[in-house]
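Since we're looking at a predicted model, the values are computed, not measured.
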Amino acid sequence: MATTTKAAAPAKKSGFQGVKAAWIILVICAIAGYSVWYFVMGNPDNFVGGDRSGHPANLLGTVYKGGFVVGLILTLLFTVICLGIERYFAIKTAAGKMNLAKFTAQVKDAIKAQDFTKAKDLCNKMQGSVANVVLASINMYQNVETDDTLKKAAKIAKIQQAHEEATQLEMPTLQMNMPMVATIVSLGTLTALFGTVLGMIGSFQALSAGGGADSMALSAGISEALVNTASGILTSWVATVVYNFFSNKIDKLTYALDEIGFTIAATYDSNHNEA
């Protein structure tokens with residue numbers, strides 16, 4: 001008697017799945033960034049005579065002279081650090097509890113041997129996104145085995161479809177908040193340029209005032225320009241490292257999914273010779 005295939009229910013996700021409302025992180029980091037700029041860097045002890053409008057007495061006072069743009073750059077820097085920590089735990093959960101290369105090799109061997117009980121046990125032990133996708137593909141493999149209404153090509157297509165659908169369900173967890181990190185890569189440099197331009201404007205205003213240079217205003221403008229340039233470049237550097245590091249990890253997980261998905265479909269193809 002013919003039976004019909006049923007789509008495998010998505011596996012329940014456990015562990016840390018990431019922060020969906022990333023704007024909350026941004027707001028908290030903005031508060032922290034401007035607090036550090038005003039209360040820590042702008043502490044009167046960091047200036048000669050305790051006057052914020054005077055000469056800085058140390059590096060913190062010098063950075064404070066960069067102006068309000070420093071607070072904005074600190075916001076971006078703190079945000080990318082927090083998102084880096086958030087992505088670390090989220091991708092670590094998605095990657096599972098076993099070594100990815102070891103799991104891939106073992107589950108491929110189990111599938112080729114058609115030992116699906118072992119393959120499922122490996123998935124239950126592994127957990128995470130890769131295991132969820134593999135488990136969905138294996139369930140569909142077993143479902144189409146008992147479906148007499150489909151031809152071989154249609155069964156293989158259903159296995160591949162189950163694999164792709166499960167992958168699409170897992171990808172948002174892997175890629176969540178990565179666009180924000182990528183945006184900060186550019187914003188760090190652009191904000192630095194904005195602060196530099198403001199500093200240069202202040203410097204030229206000091207040079208043009210009364211036909212002679214106001215040394216204090218001139219030095220403040222130069223400090224604002226250089227401080228914003230340095231801090232903005234640092235922020236972009238950190239954001240670039242974070243983005244590339246986690247993009248590489250996501251790529252490894254994606255390659256593992258593609259490799260196992262191909263193995264499952266190829267195994268069904270080689271073990272069923274009927275038309």
Chemist: So, does Lys152 use its side chain to make a donor-acceptor pair with the main chain of Asp269 at under 3.5 Å?
Modeler: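 Yes; judged by distance alone, with no hydrogens or angles, the pair exists.
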Chemist: Quick one: pull up OG in Ser231 and CD1 in Ile73 and give me the separation to the nearest 0.5 Å.
Modeler: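 Answer rounded to 0.5 Å: 3.5 Å.
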Chemist: Do Val130 and Glu170 have side chains that approach each other closer than 4.5 Å (heavy atoms only, starting at C-beta)?
Modeler: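 Val130 vs Glu170: side chains apart.
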Chemist: Report yes or no: do Val241 and Met180 belong to one cluster of Ile/Leu/Val/Met/Phe/Trp/Tyr joined by side chain heavy-atom distances under 4.5 Å?
Modeler: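 Result: yes, single cluster for both.
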Chemist: Looking only at heavy atoms, which two atoms of Ile264 and Val134 are closest? And how far apart?
Modeler: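 Of all heavy-atom pairs spanning Ile264 and Val134, the closest is CD1-O, 4.3 Å.
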Chemist: Do other residues, nucleotides or ligands put more than 12 heavy atoms under 6.0 Å from Tyr34 OH?
Modeler: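 More than 12 heavy atoms, drawn from other residues, nucleotides or ligands, come within 6.0 Å of this atom.
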Chemist: Work out which heavy atom in Gly84 is nearest to a heavy atom in Val242; give both atom names and the distance.
Modeler: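 Taking every non-hydrogen atom into account, CA-CG1, 3.9 Å.
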Chemist: Determine, stepwise, if the pair Lys158 / Tyr268 fulfils side chain to side chain contact (heavy atoms under 4.5 Å, CB included).
Modeler: CA-CA 11 Å; Lys158 277 192 166 293; Tyr268 189 94; over 6 Å; no
Chemist: Rounded to the nearest 0.5 Å, what's the gap from CG on Leu135 to CG on Asn124? Could you check?
Modeler: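 CG of Asn124 is found 6.0 Å from CG of Leu135.
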Chemist: What orientation do Trp37 and Tyr64 show, parallel under 30°, tilted 30 to 60°, or perpendicular over 60°?
Modeler: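 Aromatic pair Trp37/Tyr64 classed parallel.
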Chemist: Check whether Phe245 forms a cation-pi arrangement with Arg87 (NZ or CZ under 6.0 Å from the six-membered ring centre, at most 45° off the ring normal).
Modeler: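 So Arg87 doesn't make the cation-pi contact.
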Chemist: Is there a continuous path of hydrophobic side-chain contacts, each under 4.5 Å between heavy atoms, that joins Leu77 to Ile233?
Modeler: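 No, separate clusters.
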Chemist: Quick check: is Ile85 connected to Ile184 through a chain of hydrophobic side chains (ILVMFWY, heavy atoms under 4.5 Å apart)?
Modeler: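 Hydrophobic grouping puts Ile184 with Ile85.
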Chemist: Grab the two heavy atoms, one from His163 and one from Gly261, that are nearest each other, plus how far apart they are.
Modeler: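 Shortest heavy-atom separation between His163 and Gly261 comes out as CE1-CA, 3.4 Å.
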Chemist: Would you call Ile91 and Leu253 a side-chain contact if the rule is heavy atoms closer than 4.5 Å?
Modeler: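 In short, these two side chains touch, coming nearer than 4.5 Å.
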Chemist: Which heavy-atom pair separates Val181 from Ala239 by the least distance, and what is that distance?
Modeler: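 Minimum heavy-atom contact is CG1-O, 3.7 Å.
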Chemist: With the 4.5 Å side-chain cut-off for hydrophobic clustering, are Trp237 and Leu76 part of the same group?
Modeler: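 The answer is yes; both residues are in one hydrophobic cluster.
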Chemist: Does some side-chain heavy atom of Ile24 sit less than 4.5 Å from a side-chain heavy atom of Val19?
Modeler: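 Heavy-atom side-chain distance check fails, nothing below 4.5 Å.
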Chemist: Mind checking the OG1-CD spacing from Thr79 to Glu86? Nearest 0.5 Å is all I need.
Modeler: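 Result: 12.0 Å between the selected atoms.
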Chemist: Using a 4.5 Å cut-off on heavy atoms from C-beta on, say whether the side chain of Thr267 contacts that of Tyr141.
Modeler: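 Touching, per the 4.5 Å side-chain cut-off.
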Chemist: Just how far is it from atom CG of Asn58 to atom CG of Asn46, taken to the nearest 0.5 Å?
Modeler: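 Output value for this atom pair is 4.0 Å.
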Chemist: Could you check whether any side-chain heavy atom of Ile250 comes within less than 4.5 Å of a side-chain heavy atom of Met178, counting everything from C-beta outward?
Modeler: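 Contact flag for Ile250/Met178 side chains = yes.
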Chemist: Could you walk me through whether Leu60 and Asn43 satisfy the side chain to side chain contact (heavy atoms under 4.5 Å, CB included) test, starting with their C-alpha distance in whole Å, then the side-chain angles of each, then the deciding distance to 0.1 Å, before giving a yes or no?
Modeler: CA-CA 9 Å; Leu60 290 177; Asn43 190 307; over 6 Å; no
Chemist: What's the spacing between Asp258 CG and Thr263 OG1 if we round to 0.5 Å?
Modeler: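 Interatomic distance, Asp258 CG to Thr263 OG1, rounded to 0.5 Å: 10.5 Å.
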Chemist: Could you walk me through whether Phe68 and Leu198 pass the side chain to side chain contact (heavy atoms under 4.5 Å, CB included) test, one step at a time?
Modeler: CA-CA 11 Å; Phe68 74 94; Leu198 290 181; 4.0 Å; yes
Chemist: Report yes or no: does Ser236 contribute a side-chain atom to a donor-acceptor pair with the main-chain N or O of Thr189 at less than 3.5 Å?
Modeler: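 A pair under 3.5 Å: yes.
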Chemist: Would you find a donor on one side and an acceptor on the other, under 3.5 Å apart, between the side chain of Asp115 and the backbone of Ala110?
Modeler: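 Answer holds: no.
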Chemist: Could you tell me whether the side chain of Lys65 reaches within less than 4.5 Å of the side chain of Val227, counting heavy atoms only?
Modeler: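 In short, these two side chains do not touch, never coming nearer than 4.5 Å.
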Chemist: Transitively linked via ILVMFWY side-chain contacts under 4.5 Å: Val197 with Val69?
Modeler: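 No, Val197 and Val69 fall in different hydrophobic clusters.
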Chemist: Counting only heavy atoms not in Tyr88, do more than 12 fall under 6.0 Å of its OH?
Modeler: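 Atom OH in Tyr88 is not crowded, with 12 or fewer foreign heavy atoms closer than 6.0 Å.
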Chemist: Within the supplied structure, the quantity of interest is the number of heavy atoms (other residues, nucleotides, ligands) at a distance under 6.0 Å from Lys252 NZ; does it exceed 12?
Modeler: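 No, NZ of Lys252 has 12 or fewer neighbouring heavy atoms, counting only those of other groups under 6.0 Å.
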Chemist: Which value, rounded to the nearest 0.5 Å, describes the distance between Asn177 atom CG and Leu26 atom CG?
Modeler: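 Here the interatomic distance stands at 11.0 Å.
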Chemist: Does a side-chain heavy-atom distance below 4.5 Å link Met98 with Gln106?
Modeler: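 Side chain of Met98 against side chain of Gln106, heavy atoms only: contact under 4.5 Å found.
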Chemist: Give me the atom names and distance for the closest heavy-atom approach of Asp45 to Ala57.
Modeler: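 Here Asp45 and Ala57 meet closest at O-CB, 4.5 Å.
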Chemist: Does the pair Leu74 and Met41 meet the rule for a side chain to side chain contact (heavy atoms under 4.5 Å, CB included), with working shown?
Modeler: CA-CA 12 Å; Leu74 286 176; Met41 296 177 177; 4.0 Å; yes
Chemist: Tell me, with the steps shown, if Gln161 and Glu165 meet side-chain hydrogen bond (donor to acceptor under 3.5 Å, both in side chains).
Modeler: CA-CA 6 Å; Gln161 181 182 2; Glu165 289 177 352; 3.0 Å; yes
Chemist: If you look at every heavy atom in Gly18 and Met176, which pair is closest and at what distance?
Modeler: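 Closest heavy-atom pair between Gly18 and Met176: C-SD, 4.1 Å.
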Chemist: For the residue pair Ile260 and Ile111, establish whether any side-chain heavy-atom pair is separated by less than 4.5 Å.
Modeler: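 The answer is yes, as the side chains (C-beta and beyond) meet within the 4.5 Å cut-off.
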Chemist: With a cut-off of 6.0 Å (strictly less than), are more than 12 heavy atoms of other residues, nucleotides or ligands near OH of Tyr243?
Modeler: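 Atom OH in Tyr243 is not packed in, count stays at 12 or less.
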